[in-house]
2 protein chains.
Amino acid sequence: MKRSNTTITDIAEKLGVSPSTVSRALHDHPAISDKTKKAVVRLARKLDYQPNLLALNLLQKKTNTIGVVVPEITSYFFSSIINGIQDLVNPMGVNMVIGQSNESYKEEKKIIQTFRAINVDGFLISPSSKTKKFDHLLAIKENNIPLVIFDRDCEGVEADKVFVDEYSGAFQAVEHLIKTGCRRIAHIAGPPTLSTARHRLKAYKNALEKHKIKVDDDYILTCKGFTPKHGIAPTKQLLGLEKCPDAIFAINDGVAIGAMYVIKEAGVKIPGQISIIGFDDDPHSSYFKPSLSTVWQPTYEMGMLSARLLMKKVNAKSHDPKIRVESLFPELIIRGSSF
Amino acid sequence: MKRSNTTITDIAEKLGVSPSTVSRALHDHPAISDKTKKAVVRLARKLDYQPNLLALNLLQKKTNTIGVVVPEITSYFFSSIINGIQDLVNPMGVNMVIGQSNESYKEEKKIIQTFRAINVDGFLISPSSKTKKFDHLLAIKENNIPLVIFDRDCEGVEADKVFVDEYSGAFQAVEHLIKTGCRRIAHIAGPPTLSTARHRLKAYKNALEKHKIKVDDDYILTCKGFTPKHGIAPTKQLLGLEKCPDAIFAINDGVAIGAMYVIKEAGVKIPGQISIIGFDDDPHSSYFKPSLSTVWQPTYEMGMLSARLLMKKVNAKSHDPKIRVESLFPELIIRGSSF
DNA sequence: ACATTTTATGCAAAGGTTTGCATAAATTTT
DNA sequence: AAAATTTATGCAAACCTTTGCATAAAATGT
C-alpha cells in the first residue's frame, strides 16, 4: 500500500458529483441531500479518506500548531510544564513545536522567527534569563499572534501571563526556617534578570525584616544556573564566612542539592548545624539524605492553564485586547533538611 | 503593523512582471536578467517578503517537520536525546513535534496517527514498554515514510536503528562489581518487553557465568518503572533475603537512587556492605552520598545520530531500501557507591 | 535581409480544500 | 398553468508558490 492520499476529488469523480458537494457532504452541510451524504460518507470511509491538512492550512492560514519556547527541557520543572501544555492541547487536535533558548536571547529570537515562519497559531513563552529586550515578543503582539508568557515575567509586555506566586512560596520557606530557630539565614539567589528570582529574594528579605532579623549582604549570593554544579561555589563561600549561616534558602532544588553535597562533604550536619530548603520539588529531592525540604510548584497546572489561555485567544473570533494574568499557588514541603 | 504577508504576487504587481519571474528571480534562476533580479530582490527585502511555507508545503507535499515519539520527556535520558535531535535538525530548517506515549501502546498509536495526519516528513521513535505489536510502525514503512527507531528495539521491524551497546555497558558494570570483590550480586531488571532491559539482564548473567558465579533467581527482580519510587520495593525484598546481596546492579539511576535510599535507611553501608551501580548517568547521580557509580550513555549523540540517519532518508531522491543499524558505546563511571 | 539561436519573460496548471454565488430541478403556492 | 419558493448541486475563486512549455524579443550567423 502506497501513501493512500485519497482526495475529495477522487471521491467526487467516482460518484459523479463535484468536489464541493463531497466537501459539504462530509461536513454535514444542510443543503446536501441525505442520499448523497450517505453515498459520500460511505465511499470516503471505504477509501480511507483523510483530509489533506496541508491544503487546509493554506486555505485557513492556520496550522493547528503552537510554538512553545522554554529555556531548556532537561529539567523536571520545564518538562513537566510541557506535559501540562501537551495534555491540554492534544485533545483539541493541536500539536506543539518546542524550542529551547538555552538561556540565550539570540537563540530565543531565532526560535521565534522560525516559529513565525512556519505559521504557528500562537506562542507560549518563558523567556531566557538573558532576555532584557522584548522586541521579539512585542513583534508577536503587533502581528496579532496570540501569546502567553508563563513562569518568568517580561515586564512591559502586555500579554496573557501565568505565574506561580513565588513571593508567597519563598516567604513561607524563609519564615519556616526562622520559626525553627534559624537566625543566620543565607540565600543563594538566581540571576536578577529573572522575575522569579527577584520575587524570591524580595520575599526572603521581607520575611527576615518581619521577624526583626537584619538582612546581611554577605549572606546573599547569586548563582549562574540551576543545577547542583552551580550550587557548589556559593556554598563553599558561605561555609568560609566567619559567621557561618545556620540555614540556606536556595533558589531551587538543583542548587540546594549542590549545597547539601558541599556541606555534607565538609562534615557539617544538616539540619543540625545548617538547615536547607530548596524550590521546585524535583522528583529526586526526597531521596537524598536528608531529604530536601522544598517549595512545590504547580508546574503541570501552569502548563495547562497557560495553554488554556492561549487556545482561548487562538480560537477567539475577534481580537480581544483584554489581557489576563493568573497566579497559581505553591506549597511548602517540609522534609529532612530542615526541622 | 499587521501580519506582513507580502506575497510573491504583490512584488510581481508592483514591478509589472509575472509571479513566475519573481519566483525565479528570488531563486537566482539563470534565465532571469540581472536587472530584473536586482529589482526583485531589492523590493522583496524592502517589503520584508517571507515565503509562505504553507503554500510550499502543499506544493511539495513536505512539511520540514519530523515527528519524535518517546515514552516520556521528564527524564534526563529522553530529554537529552531530544536535545541531540533538535540540534541536528534545526540548522537544517527542520522542526520537530514531540509526542509522549507514557509507556502506552494505545497512546503511541494515536500519536503516530496524528503525526501522519499532519504529514511529518519522517519519524523518530522509541517505542513504549507496552508495545508488542508493531502494526503502527509497519504502516509507516508501508507508506514509505522514513523511520528511525532508537534506543529500544522493535524486533521484526526493518528500519534504520540506533542503539547503545547495552550489553557491553552492563557487562562492564557487573564485571566491575565482581572484580571489586562482590559475589552475591543482585539485579533489579527492567520490563522484559524492553530490548534494553533484556540485553542488560543477559549481560548480567553472562558476566556472572564468566566468573563462575552461580546465577541465583532470588537475586533477579523486575521493577515496573524507572524512578526512585520503583526501586523501593525490590530493594526491600533484597534486603529481606537470608543471604543478603553484597551488590545491586540496577536497571537505571532512578531505580538505583531508590535502592540507595532504602539501604541507607536500613543502616546498611554503601559500598561497605552493599555496592550499587546504576545506568544512564543522571546529572543528579554524582551528588548523592555516596555518589552513584553508573554507566554513562551517549544520549545526546544517540539523538544526533538518529536524526542524521532520518534526515538522510528524508532528503534522499530515491527510496533506498538499505537499512542501517548503528551502535554507540556506553562508558562505565566508577564513583562512590562501589569500590 | 533572412534564418537561426539565444535570452528573458509569461501562461497556466498543479497541489487539495472550502465557500459565495449562480443555476437547475423539484416542489409549493396562487 | 404560471409564478414563486425551496432544494440540491456545480462553478470558480481563493490560499501561494513552483515549473514545464510556449512565446516574444533580441542577438548572432550566413
Side-chain angles (χ1 to χ4, degrees), chain A residues 2-41 43-44 47-65 93 116-121 143 317, chain B residues 2-41 43-44 47-65 93 116-121 143 317:
Chain A
K2 291 287 152 61
R3 289 201 195 202
S4 67
N5 284 350
T6 302
T7 80
I8 231 167
T9 322
D10 294 340
I11 299 178
E13 277 171 6
K14 302 214 183 188
L15 251 44
V17 297
S18 77
S20 358
T21 302
V22 174
S23 171
R24 284 191 258 251
L26 290 172
H27 289 85
D28 204 25
H29 191 286
I32 303 294
S33 70
D34 283 356
K35 208 181 98 193
T36 318
K37 270 184 199 166
K38 276 207 182 108
V40 167
V41 170
L43 186 57
L47 298 179
D48 188 30
Y49 166 74
Q50 307 283 29
N52 183 326
L53 297 186
L54 269 45
L56 261 188
N57 288 348
L58 176 59
L59 192 64
Q60 302 173 171
K61 293 165 169 297
K62 216 185 147 194
T63 52
N64 292 306
T65 300
R116 284 183 58 184
I118 63 171
N119 286 284
V120 295
D121 294 340
N143 288 56
K317 304 288 169 230
Chain B
K2 290 288 154 58
R3 289 201 195 202
S4 67
N5 283 350
T6 303
T7 80
I8 230 167
T9 321
D10 295 339
I11 300 179
E13 277 171 7
K14 302 213 183 186
L15 250 42
V17 297
S18 77
S20 356
T21 302
V22 175
S23 171
R24 284 191 258 252
L26 290 172
H27 288 86
D28 205 25
H29 192 284
I32 303 294
S33 71
D34 283 356
K35 207 182 96 192
T36 319
K37 269 182 199 167
K38 275 203 184 110
V40 168
V41 169
L43 187 58
L47 298 180
D48 188 32
Y49 166 74
Q50 308 282 30
N52 183 325
L53 297 186
L54 269 43
L56 264 188
N57 288 348
L58 176 58
L59 194 62
Q60 302 173 171
K61 293 167 170 296
K62 215 185 147 192
T63 51
N64 291 305
T65 300
R116 285 183 59 183
I118 63 172
N119 286 283
V120 294
D121 295 340
N143 288 56
K317 303 288 167 227

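Remember, it's a predicted structure, so these values are computed and weren't measured experimentally.
In terms of heavy-atom proximity, B:Leu26 sits nearest to B:Tyr49 at CD1-CE2, 3.7 Å.
Rounding to the nearest 0.5 angstrom, the gap separating the CG atom in A:Asn52 from the CD1 atom in A:Ile8 is 10.0 Å. The distance from atom CD of A:Gln50 to atom CG of B:Asn119, rounded to the nearest 0.5 Å, is 10.5 Å. With values rounded to the nearest 0.5 angstrom, B:Thr7 atom OG1 is found 7.5 Å from B:Glu13 atom CD.
Taking the side-chain hydrogen bond (donor to acceptor under 3.5 Å, both in side chains) definition, one finds that A:Thr36 meets it with A:Ser33, sequence neighbours left out. The side-chain hydrogen bond (donor to acceptor under 3.5 Å, both in side chains) check on B:Ser20 picks up B:Ser18, with sequence neighbours excluded. For A:Asp28, the salt bridge (Lys or Arg N to Asp or Glu O under 4.0 Å) partners two or more places apart in sequence, or in a different chain, are A:Lys37.
The closest side-chain heavy-atom distance from A:Leu43 to A:Leu15 is below 4.5 Å. B:Ile11 is listed as a side-chain neighbour of B:Thr6, based on a closest heavy-atom distance under 4.5 Å.
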Produce the list of close N/O pairs, under 3.5 Å, pairing protein atoms with atoms of nucleotides 15-17 of chain C; give distances to one decimal.
| residue | atom | partner | partner atom | Å |
| --- | --- | --- | --- | --- |
| C:dG16 | OP1 | B:Lys61 | NZ | 3.2 |
| C:dT17 | OP1 | A:Tyr49 | OH | 2.5 |
| C:dT17 | OP1 | A:Asn52 | N | 3.2 |
| C:dT17 | OP2 | A:Ile8 | N | 2.6 |

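On the nucleic acid side, DNA chain D has its first and last nucleotide under 4.0 Å of a heavy atom of chain B at D:dC16 to D:dG20, going 5' to 3'.
Other residues, nucleotides and ligands contribute more than 12 heavy atoms inside 6.0 Å of the NZ atom of B:Lys62.
Annotation: proximity of residues 28-36 of chain A to DNA chain D (heavy atom, distance under 4.0 Å) is found for A:Ala31, A:Ile32, A:Ser33, A:Thr36, numbered in ascending order.
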